[in-house]
Peer 1: 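Right, I'll just put the structure down here and ask away after.
For the numbers below, each heavy atom of this structure counts, side chains included, while hydrogens, waters and symmetry mates do not.
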Amino acid sequence: MTLDHIGDFDSKPEAIIQAACDAASEVQARTSGFPVSLNRVLSFGRNADKHPLVLKDSTAANLKLKEFRADLWDALAARNVPGASRNSFTPHVTLLYEAHVVPEHPVDAVSWSATEFVLLHSAMMETRYEVLGRWQLQAPD
């Protein structure tokens with residue numbers, strides 16, 4: 001699940017990576033693990049060729065996840081790390097890309113406990129990822 005997209009760069013911006021790692025460490029120190037549950041399926045996007053088919057949550061679900069993402073966004077913004085808007089987060093997992101558009105509908109919930117988060121470098125136009133940092137969340141209360 002992507003929490004934020006820091007940007008597209010020709011090479012790895014070391015100063016931004018370090019600032020993002022510092023922000024992540026700050027947030028990790030005060031955050032406990034939390035449950036995540038996704039219970040809706042639909043197609044995102046308007047691309048005529050392929051639409052991401054995603055698993056997402058209902059509007060009122062995942063308050064702890066949304067609070068965590070807002071806290072992380074604030075810590076990143078305080079260090080001038082680029083990213084999306086603080087309020088532009090729709091929790092989802094992309095399942096596949098498909099030409100067919102699937103209307104939103106409920107499904108049995110897929111749930112897990114969030115116990116860590118990572119900073120990934122995604123090679124542009126590839127499906128290759130490099131872990132730049134990994135942070136364990138505190139044991140839940």
Side-chain angles (χ1 to χ4, degrees), residues 1-28 30-141:
M1 174 179 289
T2 301
L3 298 176
D4 209 336
H5 174 184
I6 292 175
D8 296 326
F9 305 94
D10 291 330
S11 62
K12 285 193 240 173
E14 296 302 328
I16 291 174
I17 292 169
Q18 184 58 56
C21 288
D22 292 345
S25 293
E26 174 191 323
V27 171
Q28 178 262 343
R30 63 176 177 256
T31 304
S32 297
F34 49 86
V36 177
S37 185
L38 305 175
N39 61 359
R40 315 260 326 148
V41 169
L42 73 149
S43 296
F44 273 177
R46 296 188 177 113
N47 184 324
D49 295 330
K50 292 187 179 181
H51 303 269
L53 179 68
V54 303
L55 182 61
K56 74 176 222 70
D57 68 344
S58 59
T59 307
N62 297 309
L63 181 59
K64 291 286 186 187
L65 170 62
K66 293 170 185 173
E67 289 172 353
F68 170 74
R69 194 276 183 173
D71 192 24
L72 181 60
W73 189 94
D74 289 343
L76 292 167
R79 290 166 176 79
N80 297 314
V81 175
S85 163
R86 183 181 197 276
N87 299 318
S88 68
F89 179 57
T90 301
H92 71 279
V93 172
T94 301
L95 302 172
L96 59 91
Y97 290 85
E98 174 65 48
H100 178 74
V101 175
V102 176
E104 183 170 344
H105 63 278
V107 295
D108 290 341
V110 175
S111 303
W112 67 93
S113 293
T115 59
E116 69 176 358
F117 63 107
V118 297
L119 176 62
L120 295 175
H121 172 256
S122 173
M124 289 179 61
M125 306 304 289
E126 298 179 31
T127 55
R128 185 170 43 89
Y129 303 94
E130 176 186 357
V131 176
L132 302 176
R134 181 181 302 272
W135 296 268
Q136 295 295 315
L137 297 174
Q138 309 295 321
D141 299 332

Peer 1: Does any part of the side chain of Ile6, heavy atoms only, come nearer than 4.5 Å to the side chain of Leu119, both counted from C-beta?
Peer 2: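 Yes; the side chains approach each other to less than 4.5 Å.
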Peer 1: For Ser88, what residues pass the side-chain contact (heavy atoms from CB on, under 4.5 Å) criterion, not counting sequence neighbours?
Peer 2: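 Ser88 satisfies side-chain contact (heavy atoms from CB on, under 4.5 Å) with Arg69, Ala84, Ser85 only.
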Peer 1: Does any N or O in the side chain of Ser43 come within less than 3.5 Å of the main-chain N or O of Val101, such that one atom is a donor and the other an acceptor?
Peer 2: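 Not confirmed, Ser43 side chain does not pair with Val101 backbone.
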Peer 1: Are Gln138 and Gln28 close enough, and set up right, to give a side-chain contact (heavy atoms from CB on, under 4.5 Å), and what steps lead you there?
Peer 2: CA-CA 7 Å; Gln138 309 295 321; Gln28 178 262 343; 3.7 Å; yes
Peer 1: Heavy-atom distance under 4.5 Å between the side chains of Phe34 and Leu137, does that happen here?
Peer 2: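 Yes - at least one pair of side-chain heavy atoms lies under 4.5 Å apart.
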Peer 1: Looking at residues at least two apart in the chain, or sitting in another chain, which of them share a ring pair (Phe, Tyr, Trp, His ring centres under 6.0 Å) with Trp135?
Peer 2: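 Trp135 satisfies ring pair (Phe, Tyr, Trp, His ring centres under 6.0 Å) with Phe117 only.
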Peer 1: Among all residues two or more places apart in sequence or in another chain, which pass the side-chain hydrogen bond (donor to acceptor under 3.5 Å, both in side chains) test with Thr2?
Peer 2: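 Expected list: none.
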Peer 1: Kindly write out the residues that satisfy side-chain contact (heavy atoms from CB on, under 4.5 Å) with Ala109, not counting sequence neighbours, or none if the list is empty.
Peer 2: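 Listed in chain order: Ser37, Asn39, Ser111.
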Peer 1: Which residues pass the side-chain hydrogen bond (donor to acceptor under 3.5 Å, both in side chains) test with Glu67, not counting sequence neighbours?
Peer 2: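 For Glu67 there are no side-chain hydrogen bond (donor to acceptor under 3.5 Å, both in side chains) partners, ignoring immediate neighbours.
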Peer 1: Taking side-chain hydrogen bond (donor to acceptor under 3.5 Å, both in side chains) as the definition, give me every residue that meets it alongside Gln136, ordered by chain and number, with sequence neighbours left out.
Peer 2: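 Result, side-chain hydrogen bond (donor to acceptor under 3.5 Å, both in side chains) vs Gln136: Glu116.
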Peer 1: I need the minimum non-hydrogen distance between Ala20 and Val81, along with the two atoms involved.
Peer 2: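 For Ala20 and Val81, the tightest heavy-atom pair comes out as N-CG2, 3.9 Å.
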Peer 1: Enumerate, atom names and distances included, each donor-acceptor pair closer than 3.5 Å involving a side-chain atom of residues 7-18, sequence neighbours excluded.
Peer 2:
{"residue": "Asp8", "atom": "OD1", "partner": "His5", "partner atom": "NE2", "Å": "3.2"}
{"residue": "Lys12", "atom": "NZ", "partner": "Glu130", "partner atom": "OE1", "Å": "2.7"}
{"residue": "Lys12", "atom": "NZ", "partner": "Glu130", "partner atom": "OE2", "Å": "3.1"}
{"residue": "Gln18", "atom": "NE2", "partner": "Asp22", "partner atom": "OD1", "Å": "2.8"}

Peer 1: For residues Leu55 and Val107, determine if any side-chain heavy atom of one lies less than 4.5 Å from a side-chain heavy atom of the other.
Peer 2: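 Yes, side chains in contact.
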Peer 1: Which pairs pass side chain to side chain donor-acceptor pair (under 3.5 Å) with one or both residues in residues 89-104, sequence neighbours excluded?
Peer 2: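 Side chain to side chain donor-acceptor pair (under 3.5 Å) check on residues 89-104 returns Arg40-Glu104.
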Peer 1: Whether the side chain of His105 engages the backbone of Pro103 through a donor-acceptor N/O pair (distance < 3.5 Å, no angle test) should be reported.
Peer 2: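 Pair found, side chain donor or acceptor close to backbone of Pro103.
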Peer 1: What residues, two or more places apart in sequence or in another chain, satisfy side-chain hydrogen bond (donor to acceptor under 3.5 Å, both in side chains) together with Glu26?
Peer 2: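 For Glu26 the side-chain hydrogen bond (donor to acceptor under 3.5 Å, both in side chains) partners, ignoring immediate neighbours, are Arg30, Arg79.
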Peer 1: When rounded to the nearest 0.5 angstrom, what is the spacing between CG in Leu38 and CG in Leu65?
Peer 2: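 So the CG of Leu38 and the CG of Leu65 are separated by 8.5 Å.
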Peer 1: Under a 4.5 Å cut-off applied to non-hydrogen side-chain atoms, are Val54 and Leu95 in contact?
Peer 2: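 No, their side chains stay 4.5 Å or more apart.
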Peer 1: Would you say that Thr31 contacts Asp71 through its side chain, given a criterion of any heavy-atom pair below 4.5 Å between the two side chains?
Peer 2: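 Contact flag for Thr31/Asp71 side chains = yes.
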Peer 1: Checking Tyr129 now: which residues fulfil ring pair (Phe, Tyr, Trp, His ring centres under 6.0 Å) with it, not counting sequence neighbours?
Peer 2: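 Result, ring pair (Phe, Tyr, Trp, His ring centres under 6.0 Å) vs Tyr129: none returned.
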Peer 1: Among pairs that include at least one residue of residues 54-64, which meet salt bridge (Lys or Arg N to Asp or Glu O under 4.0 Å), considering only residues two or more places apart or in two chains?
Peer 2: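 Qualifying pairs: Asp57-Lys66.
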Peer 1: State, to 0.1 Å, how close Asn62 and Pro35 come at their nearest heavy-atom pair, and which atoms those are.
Peer 2: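 Shortest heavy-atom contact: OD1-O, 4.0 Å.
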Peer 1: Holding to ring pair (Phe, Tyr, Trp, His ring centres under 6.0 Å), I want the full list of residues that pass it with Phe89, two or more places apart in sequence or in another chain.
Peer 2: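 Per chain and number, Phe89 pairs via ring pair (Phe, Tyr, Trp, His ring centres under 6.0 Å) with no residue.
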Peer 1: Just how far is it from atom CZ of Phe68 to atom CH2 of Trp73, taken to the nearest 0.5 Å?
Peer 2: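 So the gap between those two atoms works out to 15.0 Å.
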Peer 1: Measuring from atom CG of Leu53 to atom CG of Leu42, what distance do you get when rounded to the nearest 0.5 angstrom?
Peer 2: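 These two atoms lie 7.5 Å from each other.
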